[in-house]
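Atoms within a ligand are numbered from 1 in the order they appear, just like the ligands themselves. Hydrogens, waters and symmetry mates play no part in the numbers below; they use all other heavy atoms, side chains included.
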Amino acid sequence: MHIHILGLFPDTFDTYFSQSLLGKARAKGLVTFHYHQLRDWSHNKHHAVDDKPYGGGSGMVIMADVVCAAVLALKKDHQISRVVLPSPAGSPLIPAVAQRLSCEDSLLFVCGRYEGVDQRAIDKVVDEEISIGDYVISGGELAACVITDAVCRYIPGIVGKADSVENDSYQQGLLEHPHYTRPEIFEGVPVPQVLINGNHAEIKKWRKNESIKRTLERRPDLIDRIKGAKPMSNNQGTTKKANNNG
Ligand code: SAM
């Protein structure tokens, strides 16, 4: 998997992508990261990439011509298979979306800033918009990191044991059970007895029950989703250009 990130702050990523699982995956050649400075495609003598919004209002908007020129050039040079714009207006980042994207050969993330990107560029060169949650952050860089991390967990060989991804929260529609490690008693609180008796059938049952209990307490909406038998299909969340299809 080749990850390309286009934005105004390409230096943001390297520390994160050099650590832990992604750092190891990178060292093994399972994933490569490439950063591209959007200003390199500005025709403006000051390398400006943004301008005031038509219709007035606060903030600046990233210009369509710069984004289109950058994406088309990167597609030509790097055989990008999917262009993703992190956006609060995108489809929610759910496991099925991350899993689907993990099957791509190469992704290009276009990182917005300010008020966002001119809609005409989105309509022209972006394949898909993805939101990392119902809140607004200051730029697409952090969102691209979050999406990349979630996607890479599905690439075979990146997470040590495949079953740890399969048992993760949301994967089966539930939150994961709580975890414990040594010491057996911490400040007077013991580890649940069932986890130290070595009975794997009992442990499995306990974990399932805890997972359901925790989901009911914290995210009853997930239980409703399971009851409604609305499976997370691979097609879910493929909102392309939200306002393109009417
Ligand atoms: N004015 C925009 C709005 O209200 O929808 C927010 C723009 S935000 C300050 C700048 C950039 O951060 C966006 O273009 C997008 O790339 C990124 N961003 C912000 N929140 C995000 C989220 N929840 N998910 C994904 N990307 C986000």
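- Ranking the protein heavy atoms by distance from atom 20 (N) of ligand 1 puts Ile137 N, 3.1 Å first.
- With a 4.0 Å heavy-atom cut-off, ligand 1 is reached by the backbone of Ile130 but not by any atom from C-beta on.
- Looking only at protein heavy atoms, the nearest one to atom 15 (C) of ligand 1 is Pro86 O, 3.1 Å.
- Near Ser87, meaning under 4.0 Å from any of its heavy atoms, are these atoms of ligand 1: 24 (N), 25 (C), 26 (N).
- Of all protein heavy atoms, the one lying nearest to atom 6 (C) of ligand 1 is Val136 CG1, 3.8 Å.
- For atom 23 (N) of ligand 1, the nearest protein heavy atom (residue, atom name, distance) is Tyr135 O, 2.8 Å.
- When Cys111, Gly90, Pro88, Gly133 are checked for heavy-atom proximity to atom 21 (C) of ligand 1, Pro88 turns out nearest.
- For atom 1 (N) of ligand 1, the closest non-hydrogen atom of the protein is Glu115 OE1, 3.0 Å.
- Residues Ala64 and Ala121 share a closest heavy-atom pair of CA-CB, 3.7 Å.
- Residues Asp123 and Gln119 have side chains that bring a donor and an acceptor to within less than 3.5 angstrom of each other.
- For the residue pair Val31 and Ile158, the shortest heavy atom distance occurs at CG1-CD1, 4.5 Å.
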### Query
Can you list the steps and then say if His177 with His179 is a ring pair (Phe, Tyr, Trp, His ring centres under 6.0 Å)?
CA-CA 7 Å; His177 55 79; His179 297 276; 4.8 Å; yes
